[in-house]
Amino acid sequence: MTVELEAADRAWQDALERRDVAAAGAILHDEYALVLVQPRPAMVPRAAWLGLLPDYVVHEHIVQERFVDVDGDIAAILQRVYQHATVLGDDRSGVFVLSDLWRRVDGEWRVWRRHSTPLAAGVMPARA
């Protein structure tokens, strides 16, 4: 992993855990989306994801496995993580497989997509 990508990835996780919309927004690519394929397919675009962030409380986040690949201006960080979290007041705890796809834009790494597959958690809560 490059030093710059490593720093951007740390800043991304820190912004998530602090629920810092401005910091997360600065790391996200303009076309960012959270994509879920299991247990129900869904795509959460950048603006909706940032709107949900204040209600996504991460109590614990443990990386169990991690693989990083970089090819020029594209990078993939593939992880299995355990998280204890609450989303919109509902439990969102369990083991997840996360795939973060990064693109370098104007010399800065930006998260373009996050694919999240819960191995033990239920359906992602949504606003009514």
Side-chain donor-acceptor contacts of residues 101-108 below 3.5 Å, not counting sequence neighbours, with atom names and distances?
{"unit_1": "Arg104", "atom_1": "NE", "unit_2": "Asp73", "atom_2": "OD1", "d": "2.8"}
{"unit_1": "Arg104", "atom_1": "NH2", "unit_2": "Gly72", "atom_2": "O", "d": "2.8"}
{"unit_1": "Arg104", "atom_1": "NH2", "unit_2": "Asp73", "atom_2": "OD1", "d": "3.2"}

Same cluster or not: Leu5 versus Ile27, using hydrophobic residues (I, L, V, M, F, W, Y) connected whenever any side-chain heavy atoms lie under 4.5 Å apart?
yes
Could you tell me which residues satisfy salt bridge (charged side-chain N to carboxylate O under 4.0 Å, His left out) with Arg18, sequence neighbours excluded, listed by chain and number?
Asp14, Asp20
Keeping to residues at least two apart or across chains, list the side-chain hydrogen bond (donor to acceptor under 3.5 Å, both in side chains) pairs with something in residues 76-89.
Tyr56-Gln83, His59-Thr86, Gln64-Arg80, Arg66-Gln79
Which ILVMFWY residues can you reach from Val57 by hopping between side chains whose heavy atoms are under 4.5 Å apart?
none
Answer whether the closest heavy-atom distance between the side chains of Leu52 and Leu88 falls below 4.5 Å.
yes
Which pair of heavy atoms, one from Val70 and one from Ala75, lies closest together, and at what distance?
CG2-CB, 4.0 Å
Which residues pass the side chain to side chain contact (heavy atoms under 4.5 Å, CB included) test with Glu4, sequence neighbours left out?
Thr2, Trp109
Nearest heavy-atom approach of Thr117 to Gln38 is CG2-CB, 3.9 Å
Find out if a path of hydrophobic residues (ILVMFWY) with successive side-chain heavy-atom gaps under 4.5 Å connects Leu78 to Leu34.
no
Measure the shortest side-chain to side-chain distance between Pro118 and Arg92 over non-hydrogen atoms and say whether it is less than 4.5 angstrom.
yes
Side chain to side chain, Pro54 and Val21, heavy atoms closer than 4.5 Å:
yes
Assess the residue pair Glu31 and Arg46 against the criterion (side chain to side chain contact (heavy atoms under 4.5 Å, CB included)); give the C-alpha distance rounded to whole Å, side-chain angles, the decisive distance to 0.1 Å, and a yes or no.
CA-CA 7 Å; Glu31 299 172 7; Arg46 184 182 196 276; over 6 Å; no
Report the C-alpha distance between Val95 and Val81 in whole Å, list the side-chain angles of each, state the deciding distance to 0.1 Å, and finish with yes or no for side chain to side chain contact (heavy atoms under 4.5 Å, CB included).
CA-CA 6 Å; Val95 177; Val81 304; over 6 Å; no
Taking every heavy atom of Ser93 against every heavy atom of Ala85, the minimum-distance pair comes out as OG-N, 3.1 Å
Do Leu50 and Val35 belong together in a cluster built from hydrophobic side chains that touch within less than 4.5 Å?
no
I need the minimum non-hydrogen distance between Ala24 and Ala15, along with the two atoms involved.
N-CB, 3.6 Å
Quick one: CD on Glu65 to CG on Leu98, what's the gap to the nearest 0.5 Å?
13.0 Å
Would you mind reporting whether Val87 and Asp55 have side-chain heavy atoms less than 4.5 Å apart?
no
If we ignore hydrogens and angles and just use 3.5 Å, is the side chain of Arg110 paired with the main-chain N or O of His29 as donor and acceptor?
no
Contact list for residues 35-55, test ring-ring contact (aromatic ring centres under 6.0 Å, His included), sequence neighbours left out
Trp12-Trp49, Tyr32-Trp49
Pairing residues for Arg114 by the salt bridge (charged side-chain N to carboxylate O under 4.0 Å, His left out) criterion, not counting sequence neighbours:
Asp100
Sequence neighbours excluded, the answer for side chain to side chain contact (heavy atoms under 4.5 Å, CB included) partners of Ala26 is none
